[in-house]
Structure formats: structure tokens, C-alpha cells
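Report on one structure; see the data block that follows.
Along the sequence shown, the residues carry numbers beginning at 1. Heavy-atom basis, side chains included; hydrogens, waters and symmetry copies ignored.
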Amino acid sequence: MNPNDIEILSPAGDLHTLKCAVDNGADAVYIGGKRFGARKNANNFSIEEIKEAVSYAHLSGTKVYITVNTLIFDNEIEDLFSFLTEIYNAGVDAIIIQDMAVLTIAKKYFPDLKLHASTQMTAHSVDGVNSLNDEGFERVVISRELSQKEIENICKNTKAEIEMFVHGALCVCYSGQCLMSSVIGQRSGNRGDCAQPCRLPFKLKDYNGNISKEPRYLFSLKDLCLAKKYELLRKTGVKSLKIEGRMKSSEYVSFVTDMYSGLKKGNKVSDSQYLDAERIFSRSGFTTGYFDDNKGTHMVNISSSNDDIYKNIPEELLLRCSKMGEKRRHPIYAKIRVKIGEPLHLEMWLDEENKAEITLDDEICVANNSPMTYEKILSSLSKLGDTFFYLEALDADFDDNAFVPVKDFNLARRYCTEILEKNISKVNRLEIKKDFHYKTNRNSSGRYELRAKVCNREQFNMCLKVNEIKKIFLEYEEFISDREYYLMHKDRLVVSLPVVIRDKYIDKIDLSGVDNVSISNIGHLKLCKDKNVYGDEGLNITNSISCAFYGEKKLKSIMLSPEMNLRQIGYINSSVDTEVIAYGRLSLMTSENCLIRTNYGKCVCNDRGFFSVVDRKGKEFPVMSRRFNCTNTVYNSAPVYMGDRLDEIEKTGVNAIRLVFSTEDKNTVKEILSMYITRKKPTFDYTRGHFYRGVLDNEND
């Protein structure tokens, strides 16, 4: 790839920071509006500020992308359409999307708006990227967890543009698959309001029940910096190098943008520049771990909270960063005619498409003393001040004894440069002025099908004994441990594919003989040809339009997001069967960086069972090591229980409820099944999940 084809993509949380990014060499800037963006707590941009941002960026040759990458509820769809209309008319170059409802509306009503798939869509394989590309995404932001070789493989096998994070904060969880902040504090990462509980200290409890003496920051990854890997990045075929930081300072954005744009120009990162990058913002230094396929303790900021990051930035460095960058100016050309008895005529142009000219009203008279010179004309027309231009060349046809007041030169120059700026920043789109009405009706109550999900044979066998359980979802890792046994029960069996199936694991997936499969990623549909496919919670479905999208993919049923409350569930209008989790420990995150290896320095994934992390309040969060794809799944400290409230779930109109078993032994499974069939009240610690509370900004919906 030509290095000039690589895009340096910078963040901006406000207008001043956007200008800093542009002035320091960003080829594109991504920003958020006041709603629907995954950084709710950044300052973000009003519509008027978005218009100003687009104008400033386009005058500098920089693109603007808007994050519309949160999950959308049905009651927000009309507001979403209005927002998309406003940013479309403002001239933004692309939108970054998580929810298939945004994709569906954008494709139908805004066909020339470019669509980028957010990292929240958990795209981590060739199939995943190609599936999104097939749906209309021109660009896909891939998961941060991929190695150099995996990225190269994806780039070689897709027509989509690939965007990847190269600098900034790393989440310990695959993006789009984290419910920790949502479940613990009602602040949803999928809704742009993550409270980052993963940055808190935890103790580790091993398989034998031993708890570490001191808490450690087991989930808190160091920041990413791939500045010294630029040549390798260029060779991967990646289109866009993305810098994280819409909630970070303008000084940070200025410095980091300048560093990466310098690499594109052929510069190298010096040791002092790298050190300054650490000092302007990092959590105990940087890591390149995932890119180098070198995971482990060295990636984790394990001993420090880094609460004092901002306090330790040297004032000298902040001052230096605040003065970095300058307005990016275009060379323009001028032709002027100054003849006695004629009005002054000035032409200015940038290229064939961008031209301006003016002829003043008054005729030019004879000078009384000082003669006209080329130098005087050049000096007057070169005073371009705060415009986006500099004068590259001047063709002047003039009489030596002509007199032109300075104000006339200024008037002509200002007029032409203003016209040029307007032409360059003009939004060449027909304004969208369409009436859009969206309404769903509450579903009528009805009977539902009872289903279960299990992760071992004991749990599976216990569910087999209960006739009311119509489908048993079984973890793929357990299925392949005894394929022949489980296929004996294929009518009730649904094999649940792992949330993450990177390309290096694709060939290990064998679904021969299986009729029913469940998926958590759109990319996994390609593995399930000629199967009955069920959607799991990892698809993050929160509205009727997304239900319809997956209905067109012929899914048998769709699991609604655990972040929805009963009222929101009741307004889902779907032609495809819908399902909710009514019992079980919710999966809070899927992590590529093993917590056991982080703490002990070695892998013990061959051991069966769970270990746990323990928070400051003594709550235990079970963790399962998945040997098949070398990931960890962190579960909630208490199970959701709705056995005594099933009538309220019935009223929502869902077609199935699922009981999810993880840490439960066979006796507990038997007890829970009985409690749900007889609708008993719980006798143990439990949570109602989001059924009554929702997430904070929608708790009254």
C-alpha cells in the first residue's frame, strides 16, 4: 500500500480539539453528537458545532466521521432519524455504527452516506468483516485483540477498508461484549456510559478456594502504542490508523496526531518523543501485546490504579503541546488587471473546480505620486491572514501610473477568498426532508417456550429429564468433547458457537450432524449454512428493526439484549421469535488476556471448573477459561432470577425464556428447573437484572 493512502484518524471531544487534530495532520477526525455516541461523557458536538467542524475540516482537506455507535431502543428511532438527517445535511463524510437499525435506516434514507462498522460489532475474522461489507459497510473497525498476521490475512481477503486502533486505551473485554458496567452500575458501555469498573482492584480466588492477599488491577490493561511498528502497519494493508481519545485533552490529541502524521511523512519516533507520548497520557507505559501476539502480565497495569495520570503531566509538556500545529493552507493562484479608466478585476483559483473573480465598480484613476509596482500588488494580495490559503503565484497586468486604494485590494482579496472557502466547504447533497414516523405496538401476552443453556454434561443430562425444556443450548467446547453422545439428542440440542472465533480457529469448527446452532456474531452465519440458526445475546439486539434485519437472515429466534427492561421488551414487534434470559449469571465480558496467566504467569486452562475475581465489596465473579479459543468469560456475582415473575415476562409477548447454567451443580440445576416450572420465589442471593431498572438513561422507558 502506498503510505500516502494510509489515513491518520484522530479523536475529538469538542471543537477546539478537532481543530488541534486537523492542524497537526489528521486525515480524518471522528467526533460524537450529543446523543447516540459511545462516549456519552465527552463534551461532544451540537449540530451547529458539527457544521462548523465539518467546514473547518473540509477546508483543510480532512474528513469527519460521526459516531452513531450505541444500541438504540424503539422509542428512540424517530429521534435517531432526525439526528441522521441533521448530520447528513451538515456534510459529514461517514457514520460509525453498532446497531443494525442504524444501518437499515441509513441505507434506505441516506444512500450516499458512507457507513463504517464500529469496533462495538466485534469484527475479528475474515467472515465477520466480509459479512459486514456485504451488508453495506464500506469500512470495518476490527477488534483490538488481533495480531499482525491476523490483520494481514483479513486485509488480503476482503474488499472492505480496514480500520484499526493503534494508540490509546485498551479494554480488557472484546468491544461490544461487555456488560460489566451495565450490570454493576446501570451504566452501559453499549450505550456510551461505561464507568470502567475494570480499572478497579480485584483479588483472585483460585480453583482450590485460595484468595490472594492483596487486590491487584487484574483487568486494567496498559495503553496501546504502535508508533514504532509503523512500517509493519503499512505492510498489513490497513487503510486507517485510529487514535483513541474522544475524552482526552487537546494537548494529547495534538501530540499523538503529530507523532503519527509524522510517521506517514517518513519521520521516525525518537526515544524522547516516545517518552513524551507516555507522559502526555499512558497507564504505566505502553504495550504492543496483541499486535505482537504476545499476551501476558506485561500488558497489564497490575500494581497501580493510575488515578493520578493527569496530575503527573509536566506543565512544560502541556504548554509545548498546546502550541503545536498550524492551520493547513492551500496554494492559490491570482490574476489581476489594474488599468486606468477600467475597474479593478481580480481572479483567484485553487484548481479548475474552485475559482472566484470580482470586478469592482469604480474606475481606476491616475496616481498623483507613488507609482504602481508588482511588489505592491503582491504584498496586498498575499495578506491572506486567517484564511486557509497562501498565494503561490501572481499574474499582474497593470499600468505603472495607476492608483488603487488599499481598501479596494483588500475588498477584492477578501471577496475571492471567501468564495473559495464557501466552494470548498459546500455540502454537495440534496437536503433530506422526509417525514418519518415509527411506532411499535405492545405485543399481546402469550405462552412461551422454556429453554436452557448449559456448559457441561451433568447440566445437560438434568435438563434432558425435564420435558418442559424444549431446547438445550450447549457450549461448543463441551459439545466436541463427546460429539456422539450429544448428537443422540440432536432434536433438542442447539450447539452454541463461541462468542469469538478468530480465523485461526475457524477450521476447528465442525458442525457435521448438527441441526441447530446459535451465534453471537454476524460473521458466524457463514459457518451455519443449512442449519437452524438461533441468535444469542452477543448480537446486542434492542429494537424491532434489528429483529427484522436478522429475521431476513432466517434466524429461528432472537435473544433480546439483557440490557432491556420489561417495558422495552414489550414494545418489540418482531416476525421472528424473541427470547430473553430469565435465569442465570449474565456473561459480563469476554477477554483475550487471560486473568490466570496475568496473575500467575502461566496458563492452567487444562484445569476444569471456575476461578473467581473478588471485588472491594467481597462479591465473587466466576471466571471460565475456554480452552478452545483461549479466552476468559467473566460472569456476574449473582444470577438473574425471574421464576416468581414469569407472568410479567409473559405479558411482554416474548416467545421463549432461557435458563442459563454456568457454575451450578446438577442438584442446583434440578432445583432451579423445579422452581421455574412451579414459579417459586427465590431462596438464595439473586438479581432481577435489568428487567425493572433498565440502564440509567432509560430507566423510565
Name all residues meeting the side-chain hydrogen bond (donor to acceptor under 3.5 Å, both in side chains) criterion together with [X]; count only those two or more places apart in sequence or in a different chain, and write none if there are none.
| X | result |
| --- | --- |
| Ser220 | Arg199 |
| Glu135 | Lys553 |
| Glu477 | none |
| Glu664 | Tyr583 |

Show me, pair by pair, the donor-acceptor contacts under 3.5 angstrom made by side chains of residues 522-536, not counting sequence neighbours?
residue	atom	partner	partner atom	Å
Lys531	NZ	Leu511	O	2.9
Lys531	NZ	Val514	O	2.7
Asn532	ND2	Asn516	OD1	2.9
Asp536	OD1	Arg658	NH1	2.8
Asp536	OD1	Arg658	NH2	3.0
Asp536	OD2	Ser518	OG	2.8

Over all atoms of both residues, closest heavy-atom pair of [X] and [Y]:
| X | Y | value |
| --- | --- | --- |
| Gln98 | Asn69 | OE1-O, 3.0 Å |
| Ser546 | Asp99 | OG-OD1, 2.6 Å |
| Ser612 | Pro622 | OG-CA, 3.8 Å |
| Asp74 | Ser544 | OD2-OG, 3.0 Å |
| Ala123 | Val140 | CB-CG1, 3.5 Å |
| Tyr448 | Leu646 | OH-CD1, 3.1 Å |

Are Arg35 and Glu76 close enough for a salt bridge, meaning some N to O gap below 4.0 Å?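 Counted as a salt bridge, because a side-chain N and a carboxylate O are separated by less than 4.0 Å.
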Looking at residues at least two apart in the chain, or sitting in another chain, which of them share a ring pair (Phe, Tyr, Trp, His ring centres under 6.0 Å) with [X]?
| X | value |
| --- | --- |
| Tyr438 | none |
| Tyr290 | none |
| Phe549 | none |
| Phe684 | Tyr641 |

Quick one: are the ring centres of His116 and Phe137 less than 6.0 Å apart?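 No; Phe137 has its ring centre 6.0 Å or more from that of His116.
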Mind checking whether Phe621 and Tyr635 have ring centres under 6.0 Å apart?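 Aromatic pair excluded; centres sit 6.0 Å or further apart.
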Does the [X] side chain pair with the main chain of [Y], one donor and one acceptor, at a distance under 3.5 Å?
| X | Y | answer |
| --- | --- | --- |
| Ser125 | Gly128 | yes |
| Lys619 | Asn636 | no |
| Gln177 | Gly538 | yes |
| Asn133 | Val129 | no |
| Ser181 | Ala195 | yes |
| Thr158 | Ile154 | no |
| Arg626 | Asn632 | no |
| Arg139 | Leu115 | no |
| Asn540 | Gly176 | yes |
| Gln568 | Met564 | no |

Asp293: salt bridge (Lys or Arg N to Asp or Glu O under 4.0 Å) partners, not counting sequence neighbours: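 In terms of salt bridge (Lys or Arg N to Asp or Glu O under 4.0 Å), with neighbours along the sequence ignored, Asp293 is linked to no residue.
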Working to the nearest 0.5 Å, report the span between [atom1] of [X] and [atom2] of [Y].
| X | Y | atom1 | atom2 | answer |
| --- | --- | --- | --- | --- |
| Thr122 | Glu145 | OG1 | CD | 9.0 Å |
| Arg585 | Met624 | CZ | CE | 11.5 Å |
| Met299 | Asp292 | CE | CG | 9.5 Å |
| Tyr174 | Gln120 | OH | CD | 14.5 Å |
| Glu475 | Phe479 | CD | CZ | 13.0 Å |
| Ile142 | Glu163 | CD1 | CD | 9.5 Å |

Would you please say whether a donor-acceptor pair under 3.5 Å links the side chains of [X] and [Y]?
| X | Y | answer |
| --- | --- | --- |
| Glu563 | Ser188 | yes |
| Asn130 | Asp134 | no |
| Arg191 | Ser182 | no |

Side chains of Asn629 and Pro498: does their closest heavy-atom pair fall under 4.5 Å?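 Yes. Closest side-chain heavy atoms under 4.5 Å.
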Please determine whether the number of non-hydrogen atoms from other residues, nucleotides or ligands lying under 6.0 Å from atom NZ of Lys504 exceeds 12.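 Check passes, neighbour count above 12.
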If a pair satisfies salt bridge (Lys or Arg N to Asp or Glu O under 4.0 Å) and one of its residues is in residues 506-520, list it, with sequence neighbours excluded.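 Checked against salt bridge (Lys or Arg N to Asp or Glu O under 4.0 Å) - neighbours excluded - the pairs reaching residues 506-520 are Arg483-Asp510, Lys490-Asp515.
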Output every pair passing salt bridge (Lys or Arg N to Asp or Glu O under 4.0 Å) with a member in residues 459-470, not counting sequence neighbours, ordered by first then second residue.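 Passing the test, one end in residues 459-470: no pairs.
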